[in-house]
J.: 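First, the structure itself, so that you have it in front of you.
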Amino acid sequence: QEEVAESGGGSVQEGGSLRLSCSVSGFSFEYYGMGWVRQAPGKEREGVSCISYTGSNTYYADSVKGRFTISRDNAKSTVYLQMDDLKPEDTATYYCVADPEVLCGTWHQNQKTLDARGQGTLVTVTT
């Protein structure tokens with residue numbers, strides 16, 4: 001049975017940092033691209049970042065480029081999202097998703113329909 005557990009969210013002031021973690025089990029983590037999507041109330045889902053199955057390729061949405069860093073540890077079946085210089089517009093619930101396109105080459109399209117199987121973790125950025 002596949003299980004996905006996101007953690008690390010919270011409330012932080014503008015300019016602060018958070019590190020999100022996503023631990024998975026029940027599927028071959030090392031054979032998937034892994035990504036983070038976020039959903040804010042009244043807004044479309046946004047594909048924030050993706051990392052290829054080996055970690056050699058990464059993708060970032062323009063809105064977070066230069067502030068967020070994605071990484072993964074295949075031995076621990078865990079993907080991370082380091083978020084620095086947070087802004088109020090980063091406020092959302094963050095979910096990790098598995099992308100069968102292992103190199104994140106079609107992430108921009110894939111992220112729209114990939115199942116978010118965890119509960120997500122809420123990030124709130126205050127001014």
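As a basis for the values below, the full set of heavy atoms in this structure was taken, side chains included, without hydrogen atoms, waters or symmetry mates.
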J.: Rounded to the nearest 0.5 Å, how far does CZ of Arg19 lie from OG of Ser71?
T.: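 Separation between the atoms: 5.5 Å.
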J.: Under 3.5 Å, is there a donor-acceptor pair between the side chain of Arg72 and the main chain of Gly33?
T.: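 No, Arg72 side chain to Gly33 backbone: no donor-acceptor pair under 3.5 Å.
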J.: Treat each ILVMFWY residue as a node, draw an edge where side-chain heavy atoms are under 4.5 Å apart, and state whether Val37 and Val4 are in one component.
T.: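 No, Val37 does not connect to Val4 through the hydrophobic network.
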J.: Run the side chain to side chain contact (heavy atoms under 4.5 Å, CB included) test against Val12 and tell me which residues pass, sequence neighbours left out.
T.: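 Testing Val12 for side chain to side chain contact (heavy atoms under 4.5 Å, CB included), a comparison that skips the adjacent residues, returns Leu18, Leu86, Val125.
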J.: Tell me, please, which residues at least two apart from Ser7 pass side chain to side chain donor-acceptor pair (under 3.5 Å).
T.: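 Per chain and number, Ser7 pairs via side chain to side chain donor-acceptor pair (under 3.5 Å) with no residue.
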J.: Which residues pass the side chain to side chain contact (heavy atoms under 4.5 Å, CB included) test with Ser11, sequence neighbours left out?
T.: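 With sequence neighbours excluded, Ser11 shows a side chain to side chain contact (heavy atoms under 4.5 Å, CB included) to Thr124, Thr126, given in chain and number order.
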J.: Would you mind listing every side-chain hydrogen bond (donor to acceptor under 3.5 Å, both in side chains) that reaches into residues 21-31, with sequence neighbours excluded?
T.: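 Every pair satisfying side-chain hydrogen bond (donor to acceptor under 3.5 Å, both in side chains) with a residue in residues 21-31: Ser23-Thr78.
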J.: Working to the nearest 0.5 Å, report the span between CD1 of Ile70 and SG of Cys96.
T.: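 So the CD1 of Ile70 and the SG of Cys96 are separated by 9.0 Å.
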J.: Sequence neighbours left out, what passes side chain to side chain donor-acceptor pair (under 3.5 Å) with Thr106? Give chain and number order.
T.: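 So Thr106 forms a side chain to side chain donor-acceptor pair (under 3.5 Å) with Asn110.
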J.: Please list, chain by chain and in numerical order, all residues satisfying side chain to side chain donor-acceptor pair (under 3.5 Å) with Thr93, sequence neighbours excluded.
T.: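 Thr93 satisfies side chain to side chain donor-acceptor pair (under 3.5 Å) with no other residue.
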J.: In chain order, what residues pass the salt bridge (charged side-chain N to carboxylate O under 4.0 Å, His left out) check against Asp85, with sequence neighbours excluded?
T.: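 Checked Asp85 against salt bridge (charged side-chain N to carboxylate O under 4.0 Å, His left out); matches are Lys87.
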J.: Hey, are the side chains of Pro88 and Thr127 touching, using non-hydrogen atoms and a 4.5 Å cut-off?
T.: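 A side-chain contact exists here, since the closest heavy-atom pair is under 4.5 Å.
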J.: Pairs under 3.5 angstrom only: tabulate donor-acceptor contacts from the side chains of residues 39-48 to other protein residues two or more places apart or in another chain.
T.:
from, atom 1, to, atom 2, distance (Å)
Gln39, NE2, Lys43, O, 2.4
Arg45, NH1, Gln111, O, 2.4
Arg45, NH1, Leu114, O, 3.0
Arg45, NH2, Leu114, O, 3.0
Glu46, OE1, Arg38, NE, 2.8
Glu46, OE1, Arg38, NH2, 2.9
Glu46, OE2, Ser63, OG, 2.6

J.: With ring-ring contact (aromatic ring centres under 6.0 Å, His included) as the rule and sequence neighbours excluded, what pairs involving residues 74-95 come up?
T.: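 Sorted pair list comes back empty.
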J.: Closest heavy-atom contact between Ser49 and Leu81?
T.: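 Reported closest heavy-atom pair: CB-CD1, 4.2 Å.
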J.: Calculate, to the nearest 0.5 Å, the distance between atoms OG1 and NZ belonging to Thr58 and Lys65 respectively.
T.: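 Reported value, rounded in 0.5 Å steps: 9.5 Å.
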J.: Do you know which two heavy atoms are closest between Asn74 and Phe29, and how far apart they sit?
T.: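 Smallest heavy-atom distance, with atoms named: OD1-CE2, 3.1 Å.
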J.: Do you know the tightest heavy-atom contact between Gln82 and Ser17?
T.: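 Heavy atoms of Gln82 and Ser17 come nearest at NE2-CB, 4.0 Å.
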J.: What residues join Leu103 in its hydrophobic cluster, counting side-chain heavy atom gaps under 4.5 Å, either direct or through other members?
T.: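 Answer for Leu103: Tyr53, Val102.
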J.: Hey, mind stepping through Asp90 and Met83 against side chain to side chain contact (heavy atoms under 4.5 Å, CB included) and telling me if it holds?
T.: CA-CA 9 Å; Asp90 296 318; Met83 307 187 297; over 6 Å; no
J.: With sequence neighbours excluded, tell me which residues meet ring-ring contact (aromatic ring centres under 6.0 Å, His included) with Tyr32.
T.: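 If we apply the ring-ring contact (aromatic ring centres under 6.0 Å, His included) test to Tyr32, skipping adjacent residues, the hits are Phe27.
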J.: Identify, with sequence neighbours excluded, every residue that meets side chain to side chain contact (heavy atoms under 4.5 Å, CB included) alongside Tyr59.
T.: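 Cys50, Trp107, His108.
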J.: Hey, quick one: are Val79 and Tyr60 part of the same hydrophobic cluster, counting side-chain heavy atoms closer than 4.5 Å, chains of contacts allowed?
T.: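 Both belong to a single hydrophobic cluster.
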